[in-house]
2 protein chains.
Amino acid sequence: MELAEGKQKFIEAWGKLGSEWGINRTMAQVHALLLISADALTTEEIMDTLSISRGNANMTLRDLIGWGLIEKQHRAGERKEYFYADKDTWNIARQVAKERRKRELDPVLKVLDELANVKGEDKDPEFATFKKSIADINKLAKNVDKTLDTMLKAEESWFWGSIFKMFK
Amino acid sequence: MELAEGKQKFIEAWGKLGSEWGINRTMAQVHALLLISADALTTEEIMDTLSISRGNANMTLRDLIGWGLIEKQHRAGERKEYFYADKDTWNIARQVAKERRKRELDPVLKVLDELANVKGEDKDPEFATFKKSIADINKLAKNVDKTLDTMLKAEESWFWGSIFKMFK
DNA sequence: TTTAACTTTCAATATATTTTGAAAGTTTAA
DNA sequence: TTAAACTTTCAAAATATATTGAAAGTTAAA
């Protein structure tokens, strides 16, 4: 397989994976493109390569910056902005985990805590089932939260070392 | 907070979380409803409670069965089918992880392996960056795969025991 | 069998999300 | 200043996804 074809395939696969996990396909594709680019790219180059509009490219790049996955670069004597992706997969995974925890896990934990206070008759099976389910999910969510917290602070080598030890 | 209101809130929160993770909102809501129901429910009851159509309810219930999250029940002397959700959060997490691995991680691993064979000039920085990125992502993906594999075989207590030990 | 209770299908419709592109906004060099 | 180079915005259009509901299909009791 040629490099050009390989790049194409990677961008497609990354885009598909992203969309299956609730991430805008274009955003995942732009990220993929920058991931496999040795140099930083301009908005223009990204638009052309992926055949997307200026508005779309601009918004997507802003979002990616918001996710902490890419950054702007400036070159002496040039007005244009260049975009460059962090290539470290461990950082990427951490960044994504961090953002999603903030945006999604935190609100859910808040709701679950509220729901732990629902009042009712312990003899009522409907109430008992509700209570039990909420408590169990709460426990799982808090464990996930704690695990992410530690993971976010961890260094790569330390983390993988632990995973390997954990799973022999 | 009253039980009825709590149920409502939980169904909404679960639906929102699901949709943010690429799971159909209605599917997550039906799952939530069954999770907090002491008894198995009929299609009719689910339709009424969530205000969804018969077709939607039917398709969603089939999907949930496909994900291994709920099951049909039959009652002596009745034609109607009842639906019941597994209430064990550990099983739910495992089931979801299992399905998503099969549907999403496996295809990505396949593409990454193909992309590892892309030919090019080692001196070409574009080629070198591509190779490096693919290799790194491959490594991460394989680690995730291995971790999931072990997790899927694991018993709850064993798993959480390890997590706790891992993170003190 | 027949029939009524129940389930499934799917084309049409509705809703939600993404994308476009032209206009407005901003910045810097001359 | 002015004007050209560049970035941002956002209403409208396009696309993708989810939902409806009536008709077709299935099943089991009579």
Side-chain angles (χ1 to χ4, degrees), chain A residues 11-12 14-34 40-67 70-84 100 103-104, chain B residues 11-12 14-34 39-67 69-84 100 103-104:
Chain A
I11 289 167
E12 268 168 40
W14 205 240
K16 182 149 172 283
L17 185 67
S19 71
E20 286 162 338
W21 285 87
I23 287 156
N24 179 310
R25 204 184 74 243
T26 301
M27 184 167 143
Q29 287 184 338
V30 170
H31 185 229
L33 173 60
L34 290 173
L41 302 179
T42 62
T43 301
E44 209 87 11
E45 288 169 313
I46 293 165
M47 284 165 56
D48 290 351
T49 310
L50 301 179
S51 303
I52 60 174
S53 70
R54 185 171 299 283
N56 196 4
N58 181 265
M59 280 186 160
T60 298
L61 288 166
R62 261 198 299 126
D63 282 354
L64 282 169
I65 291 171
W67 279 73
I70 68 172
E71 56 184 37
K72 282 187 188 177
Q73 282 186 350
H74 289 280
R75 292 189 186 178
E78 279 199 70
R79 292 276 313 269
K80 270 203 278 284
E81 293 179 331
Y82 287 77
F83 298 92
Y84 185 80
R100 299 202 81 150
R103 295 173 195 208
E104 293 147 30
Chain B
I11 290 167
E12 268 168 41
W14 206 240
K16 183 151 172 282
L17 186 67
S19 70
E20 285 162 340
W21 285 88
I23 287 156
N24 179 309
R25 204 185 72 244
T26 301
M27 184 168 145
Q29 287 184 337
V30 170
H31 184 229
L33 173 61
L34 290 174
D39 300 321
L41 302 179
T42 62
T43 301
E44 209 87 11
E45 288 169 313
I46 292 164
M47 285 165 56
D48 290 351
T49 309
L50 301 178
S51 304
I52 61 174
S53 72
R54 185 171 300 284
N56 195 4
N58 181 265
M59 280 185 160
T60 298
L61 287 166
R62 263 200 297 123
D63 281 354
L64 281 169
I65 291 171
W67 278 73
L69 294 174
I70 67 172
E71 56 184 36
K72 282 187 187 178
Q73 283 187 350
H74 288 280
R75 292 187 186 178
E78 280 198 68
R79 293 276 315 270
K80 267 203 278 286
E81 293 179 329
Y82 287 78
F83 297 91
Y84 185 80
R100 299 203 80 151
R103 296 173 194 208
E104 293 147 31

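Given the structure is predicted, the values throughout are model-derived calculations rather than measurements. Proteins come first, then strands; the chains are lettered A, B, ... in the order of their sequence lines, and each starts at number 1. These values consider heavy atoms only, across backbone and side chains, with no hydrogens, waters or symmetry-generated copies.
Residues A:T26 and B:R25 both approach DNA chain C. Their nearest nucleotides, taken by heavy-atom distance, put B:R25 toward the 5′ side.
Aromatic ring pairs are classed by plane angle as parallel below 30°, tilted from 30° to 60° and perpendicular above 60°; the pair B:W14 and B:H31 is tilted.
Within residues 42-55 of chain B, the residues approached by DNA chain D to less than 4.0 Å at the level of any non-hydrogen atom are B:S51, B:I52, B:S53, B:G55, in residue-number order. Of all the residues in residues 56-64 of chain A, A:N58, A:M59, A:R62 reach under 4.0 Å from DNA chain D with at least one non-hydrogen atom.
A search for salt bridge (Lys or Arg N to Asp or Glu O under 4.0 Å) contacts involving A:E81 returns A:K72, not counting sequence neighbours. For A:E45, there are no salt bridge (Lys or Arg N to Asp or Glu O under 4.0 Å) partners, not counting sequence neighbours.
Atom CG of A:L41 and atom CG of A:L61 lie 9.5 Å apart (nearest 0.5 Å). Taken from CG in A:L33 to OG1 in A:T26, the straight-line distance is 12.0 Å, to the nearest 0.5 Å. Interatomic distance, B:D63 CG to B:I23 CD1, rounded to the nearest 0.5 Å: 11.0 Å. Distance check, rounded to the nearest 0.5 Å: OG1 of B:T42 to CZ of B:R79 gives 14.0 Å.
Using a 4.0 Å cut-off between charged nitrogen and carboxylate oxygen, B:R54 and B:E44 count as a salt-bridge pair.
When atom types are taken as modelled, the side chain of A:T60 and the backbone of A:A57 share no donor-acceptor pair closer than 3.5 angstrom.
Here the closest heavy-atom approach between residue B:Y84 and residue B:D39 is recorded as CD1-C, 4.4 Å.
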Atom pairs, protein N/O to nucleotides 27-30 of chain D N/O, distance under 3.5 Å:
residue: D:dT27; atom: O2; partner: B:R79; partner atom: NH1; Å: 3.2
residue: D:dT27; atom: O2; partner: B:R79; partner atom: NH2; Å: 3.0

Please test A:R103 against B:E20 for salt bridge (charged side-chain N to carboxylate O under 4.0 Å, His left out), starting from the C-alpha separation and ending with a verdict.
CA-CA 10 Å; A:R103 295 173 195 208; B:E20 285 162 340; over 6 Å; no

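Reading DNA chain C from its 5' end, the first and the last nucleotide to sit under 4.0 Å from a heavy atom of chain A are C:dT18 to C:dT28.
A cation-pi arrangement, defined by a distance under 6.0 Å to the six-membered ring centre and an angle within 45 degrees of its axis, is absent between A:R100 and A:W21.
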